[in-house]
Structure formats: structure tokens, C-alpha cells
Amino acid sequence: MQTVAAQEKQIFELLTAMGHEQVLFCNDEVSGLRAIIAIHNTVLGPALGGTRMWEYASDYDALVDALRLSQGMTYKAAVSGLNLGGGKAVILGNPRQHKSEALFRRYGKFVESVNGKYITAEDVGTTKQDMEYISAETKHVTGLPEHKGGSGDPSPVTAYGVYMGMKATAKKTFGTESLNGKKVVVQGVGNVGRNLVDHLINEGAHVTIADIFEDQILAVTKKHASVKVATGDIFDLDMDVYAPCALGATLNDDSIARLKAGMVAGAANNQLKNTEIHGKMLQEKGIWYGPDFVVNAGGLMNVYSELEGYNREAVMAQTEKIFDTTLRILDIASNENTHPHEAAVRLADRRIAAIKHINSVL
Ligand code: NAD
């Protein structure tokens, strides 16, 4: 994967380096809307990715975030076998202060203006209510609430996919997919993490959890008396599996040097602080890594299904296949002597190249 370039890069240099097709800058003085829609690649289908609302330090930071996130969506969709491209949008502003119906409806008109080439959904800083406003102006929005005919909360589906990816990584690491008796540390027990804990407990894993909020911890320990709560830094714990389900970049120089797990698989996006350096560092330490965008693709599968008429059973069957995809990627990593993140990117690139060829044949 091409990494995001240094600050001084010109915009078109950046787009070329990262392979973007189109970027739309959206500006509306009356509603206060300032947004960037990044369409990375539409070879496999329309570019789907959420709309993030965030107060960025600079416009350039917002652009780089949109470019980086949309590229990630291309890989996620490609490797998951979905007929979707990658896109992502950012709205510049504080989600607690700058939201209004007018802002989201104006944004919806911009989404509509690219005629379905970009499909949006909820992301950090946006809510179901915001999606409803957007949907007043465009039909190219997914992840709507169930009462609006949407697929509702994707987190249980994401958690099931993470569980499948974890089992596949366990098979590669320990020679068995069973997590029975394995010591698993789940960092972050929010929407995905707490659903993941349910699967792990059902299978007989020894689970330790960590969260910065006491109520999140209590919700899990009340349900599962056997779950332990981490005291101190989790990277000092003895564990078989580390499951990052909170924030990105938790796999870095410091944490990998201390990590005592045999494998890593979790829901968080962008777990590797630097994909090349830290992907390799895990490999050299003999720690197997289920790539984040492979194992956490259940949420994307869930919203994708909504586009074709939501069917929960079909989505769960598709999510189960994350087991096979993860194992395939880990085998590519072994066979091609690379680390799993790079193997996943190669698999995605190969699918995109193959379909591009098919599309070019009369
Ligand atoms: P969430 O906000 O519901 O849960 C995150 C949890 O992590 C919260 O309980 C929070 O208190 C905790 N947390 C934050 N910082 C922490 C820290 N330093 N140490 C320990 N805990 C910490 O989010 P979620 O929907 O459960 O998503 C979890 C991760 O998975 C995110 O990175 C998200 O981007 C990613 N993801 C989620 C989905 C989905 O369907 N929800 C899909 C794909 C990826």
C-alpha cells in the first residue's frame, strides 16, 4: 500500500501516489458545510464508505484523512469479494457544535451530484439521524435505521466477523481454530468488543477486558462473571490473543516490543501505526496478525446487503467466510514471505486488476 505522503506534497501528486480517481470539495456558506468526498477506486463497483465529521487541525489534514480512509475502503471491499469500490467523505467541523438539518441535506445534494458513484453511510461523528437528513436529498446512503428499511446496527455482524477472523488466525498460529482455554485480551468493550466477548465466552476462552469507561466494563462483567478486568497496562499481560477493539495505531514500536501474545485479531481500524514497519515487526517476532480490514469487514457486508434488499441470514453466511479469507491471506503471507497486511493488499490488488481486465474486454 502506498503510504500517505509528506505534508509538502502537491494535491495531484498525492492523488497519483495513492491512486485516487476523483475528489469532490463541497462548500456551502449558508449551511456552513465544508466537506471532502474522496472516490478512490470504482473498478469493482460504486465507492462505498462512511462520512466522518471531525474538527481537523487543517484542511490538508482533512484531505489526507479522506484519501487514506477511502483507499482503505477499496482494499476492504476488494478482499471481501464485494462488488464495491472504495470511498470516504469527511465533513469539517465539530460534531457537537456544527450539525444542522440544512448542513446534512446540503451535503446529501453533493452526494447525489455524483449519481451513485459514491454511496455514503455512518462513521465517526455522524449518526443515524444525520443519515436520515442526507437520505432526504439522495438515495445513495446506506446503514439506515431498521424502521426506515435499513440494516440497523452493524456491530454484532462486525463482531461475528472478527470472531471468524480470530479463529482463522488461531488456526495458523496454534494449529487449531479452537479458542477454548486460550487467554484473550479484548481492548475496548464498546459495540463490537462486548459482542465479541459473548462469542469468546461461549467457546470457553479465558477473557480479560480493558476499557477507559467503568460502565462499559460493568456491562460485560455483569453478564459474564468469569471475565477478568485488566489492571495496569495490557501489554504487560501474559496472553495468547490480543484483540484491539478500541482505537487505531495500538500496534507500534513500544507495544509490539512488549506484546506477549501469539497472535492479534480485532475490530479496530488502522491497528498498525505504520503498515510496513509494524507489519514486518510483528512478522519478525513470530506474531500472526489477522489484518484489520479483513477481519472487521462484517459491518461493510451488512450495509452492502442493504443495497440489494437486506437479508440477515445471507449477511451472516457471508461474514462467516471471513474465516476462509483470513486463512487464505495468512497462507499467502507464508508462501510469499511477507507480512499479512501486505498479503491482504496484494490479494485486493490482484482482484481489482483481474476485474479491470474483464471490464475492458468486449
Ligand atoms: P465503540 O466506540 O462502541 O467502542 C470502543 C470502546 O473502546 C469504547 O468502550 C471506549 O470506551 C473504548 N476505548 C477507547 N479508548 C480506549 C483505550 N485507550 N483503552 C481501552 N478502551 C478504550 O466503537 P465500536 O463500534 O465498538 O468499534 C470499535 C472499533 O472497531 C473502532 O476502531 C471502529 O472504527 C472499528 N470498527 C467498528 C465497526 C462497527 O461495525 N461498529 C466496523 C468496522 C470497524
Side-chain angles (χ1 to χ4, degrees), residues 48-54 65 68-69 72-73 75-77 79-80 82 84 86 88 90 95 121-128 131 142-143 145 150-166 185-199 207-221 223 227-237 242-252 254-255 264-273 290-306 312 315-316 318-319 322:
L48 192 151
T51 298
R52 180 166 290 196
M53 186 163 185
W54 196 254
D65 205 31
R68 191 178 54 83
L69 293 166
M73 291 307 294
Y75 289 131
K76 188 183 289 206
V79 92
S80 304
L82 303 177
L84 282 179
K88 200 92 179 186
V90 296
E122 215 178 311
D123 198 73
V124 176
T126 55
T127 63
K128 297 257 173 305
M131 294 304 123
T142 184
S151 53
D153 178 15
S155 305
V157 183
T158 302
Y160 185 60
V162 171
Y163 175 55
M164 289 294 114
M166 187 183 282
V185 174
V186 181
Q187 181 188 35
V189 281
N191 294 319
V192 181
R194 64 169 171 268
N195 280 292
L196 176 64
V197 170
D198 291 345
H199 293 297
V207 178
T208 300
I209 59 169
D211 203 288
I212 48 172
F213 290 113
E214 192 61 31
D215 56 338
Q216 299 284 63
I217 287 181
L218 278 176
V220 175
T221 51
K223 192 170 177 187
V227 167
K228 289 187 192 154
V229 180
T231 49
D233 196 314
I234 58 161
F235 296 110
D236 294 327
L237 296 174
Y242 166 47
C245 296
L247 307 168
T250 59
L251 293 166
N252 51 48
D254 175 60
S255 65
V264 178
N269 282 312
N270 304 318
Q271 291 166 27
L272 298 166
K273 186 168 183 197
D292 46 14
F293 67 86
V294 180
V295 308
N296 74 13
L300 180 63
M301 293 171 178
N302 199 55
V303 290
Y304 177 63
S305 162
E306 196 176 311
R312 180 75 167 200
V315 171
M316 293 311 269
Q318 190 174 33
T319 304
I322 289 178

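For ligands, and for the atoms within them, numbers begin at 1 and follow the listed sequence.
Within a 6.0 Å radius of NZ in K128, more than 12 heavy atoms belonging to other residues, nucleotides or ligands are found.
Counting the atoms of ligand 1 from 1 in the order shown, those under 4.0 Å from a heavy atom of S155 are 40 (O), 41 (N). The contact set between ligand 1 and F213, taken as ligand atoms under 4.0 Å from a residue heavy atom, comprises 11 (O). Every atom of ligand 1 with a heavy atom of P154 under 4.0 Å away is listed here by number and element: 40 (O).
Protein heavy atom nearest atom 28 (C) of ligand 1, with residue, atom name and distance: C245 O, 3.3 Å. Ranking protein heavy atoms by distance to atom 34 (O) of ligand 1, first place goes to N269 ND2, 3.1 Å. Protein heavy atom at the shortest distance from atom 4 (O) of ligand 1 is G190 CA, 3.2 Å. Ranking the protein heavy atoms by distance from atom 43 (C) of ligand 1 puts N296 O, 3.7 Å first. Of the protein's non-hydrogen atoms, V192 CG2, 3.9 Å is the one closest to atom 37 (C) of ligand 1. Nearest to atom 23 (O) of ligand 1 among the protein's heavy atoms is N191 N, 4.5 Å. Among all protein heavy atoms, the one lying closest to atom 40 (O) of ligand 1 is T158 OG1, 2.7 Å.
Of all the heavy atoms in Q216 and V189, the pair that sits closest is O-CG2, 3.7 Å.
In terms of polar-atom proximity, Q216 is counted as a contact of ligand 1, with an N or O under 3.5 Å from an N or O of the ligand. Considering both main-chain and side-chain atoms, A267 comes within under 3.5 Å of ligand 1 through a nitrogen or oxygen pair. For the pair D211 and ligand 1, the shortest N or O to N or O distance falls below 3.5 Å. Any N or O atom pair closer than 3.5 Å counts here, and A246 shares at least one such pair with ligand 1.
Contacts of N302 with ligand 1, taken as heavy-atom pairs under 4.0 Å, are absent altogether. Proximity of I212 to ligand 1, defined as any heavy-atom pair under 4.0 Å, is shared by backbone and side chain alike.
You'll find the side chain of Y242 reaches within 4.5 Å of the side chain of L251, heavy atoms only. By the 4.5 Å heavy-atom criterion applied to side chains, N270 and R68 are counted as neighbours.
Considering CG of D153 and CG of N191, their distance stands at 5.5 Å, rounded to 0.5 Å. In this structure, CD on Q318 lies 5.0 Å from CE on M301, to the nearest 0.5 angstrom. Between S305 atom OG and L300 atom CG the span is 11.0 Å, to the nearest 0.5 Å.
Counting only distance, with no hydrogens or angles, the side chain of N252 and the backbone of A249 share a donor-acceptor pair below 3.5 Å. Here the side chain of D123 pairs no donor or acceptor atom with the backbone of T51 at under 3.5 angstrom.
Note that atom 7 (O) of ligand 1 has protein non-hydrogen atoms nearby, at separations under 4.0 angstrom. Protein heavy atoms are found less than 4.0 angstrom from atom 32 (O) of ligand 1.
Using a cutoff of 4.0 Å between basic side-chain nitrogens and carboxylate oxygens, K88 and D65 are not scored as salt-bridged.
Between F293 and Y75, the ring planes are tilted. Angles from 30° to 60° get that label.
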